[in-house]
Amino acid sequence: MLRRDDQLRLSEAVQGRYRQRPDDGDWKLRVTTSVQHQVAREHGFSDTAQGVELLRSAVALFGHDQEVMSSAHYLRHNIVRSCPLVAGQMTPDVPLGRVLWDSDEAPAVPTSLHALVATSPMPTVILAGSHT
């Protein structure tokens, strides 16, 4: 199923569908979901939702299997990693750009995490994420 999903997603037809709305994340999700339902149907699932769930669970179920992890583009090139920090550990001082919201032009002023935290009168919560 993963190989067929990979084949379809990388096909010119599906890539063309993605390109129809390149900046619309909801569109990309709809195209991907449509492809996954097609794969589930092709693999004999009468309830394609179950097939899609199985397809999306491959990493959780078989994450240590190299054949599984190399079978789809998004698995081969997955950059998600566990956080190297442990609870209570000092965070590294990373460069940041601070936006001055009260400014008309709102330029990003270079700063760092430690400098920003040191000037804050409130406790600091760091929430980071990525979505592609």
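When a residue number appears, it is its place in the shown sequence, counting from 1.
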Practice task
Evaluate the side chain to side chain contact (heavy atoms under 4.5 Å, CB included) criterion for residues R9 and Q36: first the C-alpha distance (whole Å), next the side-chain angles of each, then the deciding distance (0.1 Å), finally the verdict.
Solution key: CA-CA 9 Å; R9 283 201 214 190; Q36 290 175 333; 3.0 Å; yes
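- Under the 4.5 angstrom side-chain criterion for Ile, Leu, Val, Met, Phe, Trp and Tyr, L10 has no cluster partners at all.
- Shortest non-hydrogen contact noted between R76 and S71 is NH1-C, 3.6 Å.
- Between R21 and D26 there is no salt bridge, since none of the side-chain N atoms of the basic residue sits less than 4.0 Å from a carboxylate O of the acidic one.
- Contact annotation: the side chain of P84 never approaches that of Q89 to less than 4.5 Å [non-hydrogen atoms, C-beta and beyond].
- In this structure, H64 places its NE2 atom where only 12 or fewer heavy-atom neighbours from other residues, nucleotides or ligands lie under 6.0 Å away.
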Handout entry: Trace of the side chain to side chain contact (heavy atoms under 4.5 Å, CB included) decision for H114 with M90
Key = CA-CA 10 Å; H114 288 179; M90 176 76 150; 3.8 Å; yes
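- Through direct or relayed side-chain contacts under 4.5 Å between Ile, Leu, Val, Met, Phe, Trp and Tyr, V35 connects to M1, L2, L8, V14, Y18, W27, V31, V39, F45, L54, L55, V59, L61, F62, V68, M69, Y74, L75.
- Here E12 pairs with R19 in a salt bridge; the nearest charged N to carboxylate O distance falls below 4.0 Å.
- Cluster partners of V125, using a side-chain heavy-atom cutoff of under 4.5 Å among ILVMFWY residues and allowing indirect links: none.
- Considering all non-hydrogen atoms of both residues, A40 and T48 come closest at CB-O, 3.7 Å.
- Using modelled atom types, one side-chain atom of T119 and one backbone atom of L116 make a donor-acceptor pair closer than 3.5 Å.
- Taking the charged nitrogens against the carboxylate oxygens, D24 and K28 have no contact shorter than 4.0 Å, which rules out a salt bridge.
- Remark: the backbone N or O of A60 is not paired with any side-chain donor or acceptor of S57 at under 3.5 angstrom.
- The salt bridge (charged side-chain N to carboxylate O under 4.0 Å, His left out) analysis of residues 36-63, with sequence neighbours excluded, yields the pairs R4-E42.
- Pairs engaging residues 60-74 under the salt bridge (charged side-chain N to carboxylate O under 4.0 Å, His left out) rule: R3-E67 [sequence neighbours left out].
- Atom-to-atom distance recorded for T91:OG1 and L85:CG is 7.5 Å, nearest 0.5 angstrom.
- Shown here are the salt bridge (Lys or Arg N to Asp or Glu O under 4.0 Å) partners of R30, two or more places apart in sequence or in another chain: there are none.
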